[in-house]
Amino acid sequence: MEKHHRTMQAENKLFSADPDTRISREARGTIERYRDHVRFKRTFIFILLALLIITVLVSASLGAISIPVSTVLSVIARFDGEQMGRIIWHVRMPRIAAALLAGAGLSVAGSVMQSVLRNPLASPYTLGISSAAAFGASFAIVVFQAGSSSTSNIVISNPHIVTMTAFAFSILATGAILLITRFTSISSETLVLAGIAIGAICSAGLTLMQYLADSVQLSHIVTWTFGDLGRASWGVNAITFAVLLPVFLLCFLRRWDLNAMDSGEETAKGLGIRTEALRVLGMALASLISAVIVSFFGIIAFIGLLGPHITRRLIGGDHRYLLVASPLVGAVILLAADTAARLILAPMVLPVGILTSLLGGPLFIYLLLGRPRR
């Protein structure tokens, strides 16, 4: 009884007589909850890495010729160049690597755009960059005659001109958006509407090119505008990786600034961040990634929206983890979609852009409906 009485006295002292001790206990509880939250985010990233590896192995094993996963692992481990090795290394792995790079790059671009513009709908697709690249490609096909055809297929005869022109037009669209940002007082939210307007202009230009094109050129234009990873090669992947890696590192170095931007522009300015310079830098970096990916692979819609939004729903908007997890989510989504596109109508291969639009639209509507009301 006496021992119980002493225990009660100690608890009363802890929770009423000594507020400093009580605050200390509350602080320790807060710290422990924060550590649990961080552990969850890191565990989520490791799970994504494991899922990505599994998706790569499954994708490499599926196709016109089914290859056991054990054989795929053996070929990858030994860099085997025999029959199965040629199928994996020269046919499937370039396409898989392109899906990983494109999905990761578009997700990074979407994450950065949504942060610096403080608008959840910002992405390369909604800001008109993809439409500008499509206009540039159609311009090259019609004006520069960058196409040919045969009785069996339709081929872009000069893909370098088409790619460079698509890249140039997407950079011009980016420059127009940056000029609007730099020399007007337009808000970051309204800037998305400016991007939509630029996209509408480019779509009108694309329609004009289709109207002026003959039947062969029209087939080239339609073929190019489908987002298709079948154009991938190790050379194309190397260029994409060479652009993506330094841009990702620069974005990750500014992760604290991006976190501050999410708290509001005034808060970011109060922390000493040059918000206008950060917005221009973020838009330039994200648009560079998008321009390279779209100019090589065509229009792949919704990945720049789905990757960041799914990641935010699961682990929050902290860019220390968002910029690592959202590229993994985007890579998994695009690789899974491309694998499905290869199998749905086999042996015919669907362009992955059709599938991402078909599945991404309803999923994005679901994510919007699931957002909490303010």
Open item on the list: Any side-chain to backbone donor/acceptor pair from Ser170 onto Ala166? Under 3.5 Å, distance only.
Closed with: yes

Task: Closest heavy-atom pair and its distance - Leu48, Ala325 - done: CD1-O, 3.7 Å

Task: Pair Thr311, Ser326: side-chain N/O donor-acceptor within cut-off below 3.5 Å - done: no

- [ ] Using the six-membered ring wherever Trp is involved, compare the ring planes of Phe248 and Phe252 and label them parallel, tilted or perpendicular (cut-offs 30° and 60°).
- [x] parallel

Task: Heavy-atom pair with the smallest gap, counting every atom of Ser290 and Ala286 - done: OG-O, 2.8 Å

- [ ] Measure from the side-chain N and O atoms of Arg279 to the backbone N and O of Leu117, and report whether any donor-acceptor pair falls under 3.5 Å.
- [x] no

Open item on the list: I'd like to check Gln114 versus Leu305 (side-chain heavy atoms, cut-off strictly below 4.5 Å). Are they in contact?
Closed with: yes

TODO: Without swapping roles, check the side chain of Asp318 against the backbone of Asn259 for a donor-acceptor pair under 3.5 Å.
DONE: no

Task: No-hydrogen, no-angle side-chain donor-acceptor test under 3.5 Å, Arg312 and Ser111 - done: no

Open item on the list: Tell me every residue that passes side chain to side chain contact (heavy atoms under 4.5 Å, CB included) with Thr356, counting only those two or more places apart in sequence or in another chain.
Closed with: Ile300, Ile303, Leu334, Ala337, Val352

Task: Validation row: Asp257, His319 side chains within 4.5 angstrom (heavy atoms) - done: no

TODO: Report yes if the side chains of Val247 and Cys251 come closer than 4.5 Å at any heavy-atom pair, otherwise no.
DONE: yes

- [ ] Spell out, as yes or no, whether a donor-acceptor pair under 3.5 Å connects the side chain of Ser138 to the backbone of Phe135.
- [x] yes

Task: Residue pair Leu322 / Ile315, side-chain heavy-atom distance below 4.5 Å - done: no

Task: For Pro94 against Asn237, the heavy-atom pair lying closest together - done: O-ND2, 3.0 Å

Task: Aromatic plane relationship, Phe139 with Phe169 - under 30° parallel, 30 to 60° tilted, over 60° perpendicular - done: tilted

Open item on the list: What I want to find out is whether Asp228 reaches Arg95 closely enough, with some N-O distance under 4.0 Å, to be called a salt bridge.
Closed with: yes

TODO: For the pair Ser115 (side chain) and Leu258 (backbone), establish whether a donor and an acceptor sit closer than 3.5 Å, ignoring hydrogens and angles.
DONE: yes

